[in-house]
Each structure stands twice: as structure tokens, then as C-alpha cells.
Amino acid sequence: MMLPIIRNARATILAVSASLSLTAGTASLAATTAPQSTAVAQGVQTVRSAYGIDETVARLKADIAAKGIRFFTDIDQAELGAGANIAIRPSRLILFGNPPLGVQFLSANRFAGLDWPVRMLVFQEADGSVTVAWTDFAYIGTRYALKDREAQLKMASEVAASIASSVAR
């Protein structure tokens, strides 16, 4: 006898599996050709860049370095998508942070590590323009119920906005 939860999970897995076509070890979804959503998630800040995606990332990295902030990585999401045979517009995720500041959030709530280090998403819109997006630190403070960290959240918000403004139109 299958429990209802297991039966529902199994049905969901079978339905998802049926919608996938496996080809040479890669999965492709029919929905990948549909336009990407332009909806903004809750707590997300955005800035339009005056530059192309590569120049935007280069300028953001330069501003991060000039501020003495630690740069962790640059992930080319479009390249990852291509490796999975799923085409998306150019998209790069950069991770950076100031460990003495970031650890203040983790010491208040370890789950804040899900949003630390700082992530900025740089992506090309359908019209060719480039947008920089990041999670607002006030939202992060609320999300993780960070108490007694208002000054640190304010500082992180100002620094992230300053970095993003280095490429603003």
C-alpha cells in the first residue's frame, strides 16, 4: 500500500519524466523555447547597465576590487545552459563579499548563509540591454529575522548599490 504523499510524489515524478525527452544524456524541455519571464522576485533590486554584459561584469569586478572587497567567482549561466543543451540569453552570476561584514549576518542566523556571499546577477534582456540584479539587504534582514544588525544591513545595502551604480545608465 502506497501512502498518499508517496503516491502523489510518484505521480508528479512520472508526469515530469514524461515531459522530458532524454537525448544523448541531456534533458530538454519543450518550455525552453518560451520567452523568459520579466517578473521581478520579491526583495530584488535592479539597475540597467550602460554597457554590454562582458563590460558590465568587468566594471563590476573592478569596482569590487577598488573597494577592497573579496571576489569569489563568476559563473556563466548561459554556458552552463549550453552544456545542458538549453539556450538562454547571456547571464552571469558574480559572488563577492566582505567576510567580516557577512559573518555578522551568519552569526545572527546561520540560514543567512544562503544569501551570503553577495550575489549579483548580470543578464541580457530581450532588447539587448543589460540588467544588474541583487537581493536587497533589508529584505534579507527580514527574511532571516536578523536582530541588532541594522547598521550592517544598511552598510551592505549601500555598498551593493554603489557597486551596481558603477555601471548604471
Side-chain angles (χ1 to χ4, degrees), residues 26 29 31-32 34-169:
T26 62
L29 293 170
T32 58
Q36 293 177 334
S37 172
T38 58
V40 177
Q42 189 175 16
V44 173
Q45 300 290 317
T46 61
V47 166
R48 284 285 179 127
S49 177
Y51 309 97
I53 195 161
D54 291 334
E55 181 69 16
T56 297
V57 170
R59 287 174 178 263
L60 292 171
K61 286 180 179 180
D63 196 63
I64 290 164
K67 286 178 170 52
I69 298 171
R70 185 172 176 183
F71 180 81
F72 293 105
T73 194
D74 174 357
I75 302 167
D76 186 333
Q77 296 175 322
E79 183 178 291
L80 294 174
N85 204 24
I86 301 170
I88 63 171
R89 288 190 294 273
S91 178
R92 308 254 297 267
L93 182 68
I94 61 172
L95 281 72
F96 58 92
N98 177 347
L101 179 59
V103 172
Q104 295 291 318
F105 305 133
L106 278 66
S107 68
N109 182 337
R110 73 181 74 205
F111 290 107
L114 291 167
D115 284 299
W116 199 269
V118 180
R119 294 155 181 82
M120 278 194 173
L121 180 63
V122 181
F123 58 93
Q124 185 175 326
E125 303 279 4
D127 66 2
S129 65
V130 173
T131 297
V132 178
W134 68 98
T135 304
D136 177 59
F137 285 93
Y139 178 81
I140 290 171
T142 301
R143 179 178 186 189
Y144 299 112
L146 301 179
K147 304 293 182 209
D148 303 321
R149 300 294 190 271
E150 291 80 14
Q152 293 90 340
L153 290 166
K154 183 178 186 284
M155 179 184 293
S157 289
E158 290 170 355
V159 171
S162 173
I163 290 168
S165 74
S166 71
V167 299
R169 277 191 175 164

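Values below: all heavy atoms of this structure, side chains included; hydrogens, waters and symmetry mates excluded. Note that the coordinates shown come from a computational prediction; the quantities given were computed from them, not determined experimentally. Sequence positions, counted from 1, serve as the residue numbers for this chain.
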Salt-bridge contact Arg59-Asp63 (side-chain N to carboxylate O under 4.0 Å): no
May I ask you to test the Leu114-Tyr144 pair for a side-chain heavy-atom distance under 4.5 Å? yes
Closer than 3.5 angstrom, by distance alone: can the side chain of Arg149 be matched with the main-chain N or O of Gln104 as a donor-acceptor pair? yes
Would you compute the distance between atom OG of Ser129 and atom OH of Tyr51 and round it to the nearest 0.5 angstrom? 15.0 Å
Are any non-hydrogen side-chain atoms of Leu153 and Phe105 less than 4.5 angstrom apart? yes
Supply the atom-to-atom distance Ile140 CD1 to Leu146 CG, rounded to the nearest 0.5 angstrom. 8.5 Å
Using atom types as modelled and distance alone, determine if a side-chain donor or acceptor of Thr142 lies under 3.5 Å from a backbone N or O of Ala138. yes
I'd like to check Arg143 versus Asp115 (side-chain heavy atoms, cut-off strictly below 4.5 Å). Are they in contact? yes
Would you please name every residue forming a ring pair (Phe, Tyr, Trp, His ring centres under 6.0 Å) with Phe96, sequence neighbours left out? none
Can you give me the closest heavy-atom contact between Leu95 and Pro117, atom names plus distance? CD2-CG, 4.1 Å
What's the spacing between Gln45 CD and Tyr139 OH if we round to 0.5 Å? 12.0 Å
Within a radius of less than 6.0 Å around NZ of Lys154, do more than 12 heavy atoms belonging to other residues, nucleotides or ligands occur? no
Test applied, side chain to side chain contact (heavy atoms under 4.5 Å, CB included); reference residue, Val122; option that passes from Leu93, Thr56, Val167: Thr56
Looking only at non-hydrogen atoms, find the nearest pair between Phe137 and Ser157 and report the distance. CB-OG, 3.1 Å
With heavy-atom distances below 4.5 Å as the criterion, would you say the side chains of Val47 and Ser165 are in contact? no
CD1-CD distance between Ile53 and Glu125, expressed to the nearest 0.5 angstrom: 10.0 Å
Check step by step if side-chain contact (heavy atoms from CB on, under 4.5 Å) holds for Leu101 and Val159. CA-CA 11 Å; Leu101 179 59; Val159 171; 5.8 Å; no
For Ile94, the option from Ile163, Ile64, Val132, Ile75 that meets side chain to side chain contact (heavy atoms under 4.5 Å, CB included): Ile64
Heavy-atom neighbours of Phe111 CZ exceed 12 at 6.0 Å: no
Flag if over 12 foreign heavy atoms under 6.0 Å of CZ, Arg48: yes
If I take atom CG from residue Asp136 and atom OG1 from residue Thr46, how far apart are they, to the nearest 0.5 angstrom? 11.5 Å
Could you tell me which non-hydrogen atom of Ala164 sits nearest to which non-hydrogen atom of Leu60, and how far apart they are? CA-CD2, 4.1 Å
Which heavy atom of Gln124 sits nearest a heavy atom of Arg89, and at what distance? O-NE, 3.0 Å
Tell me, do Trp116 and Leu106 make a side-chain contact under 4.5 Å, heavy atoms counted? yes
Could you give the distance from CD (Glu79) to CZ (Arg92), rounded to the nearest 0.5 Å? 9.5 Å
Inspect the surroundings of CD in Glu150 and state if more than 12 heavy atoms from other residues, nucleotides or ligands are less than 6.0 Å away. yes
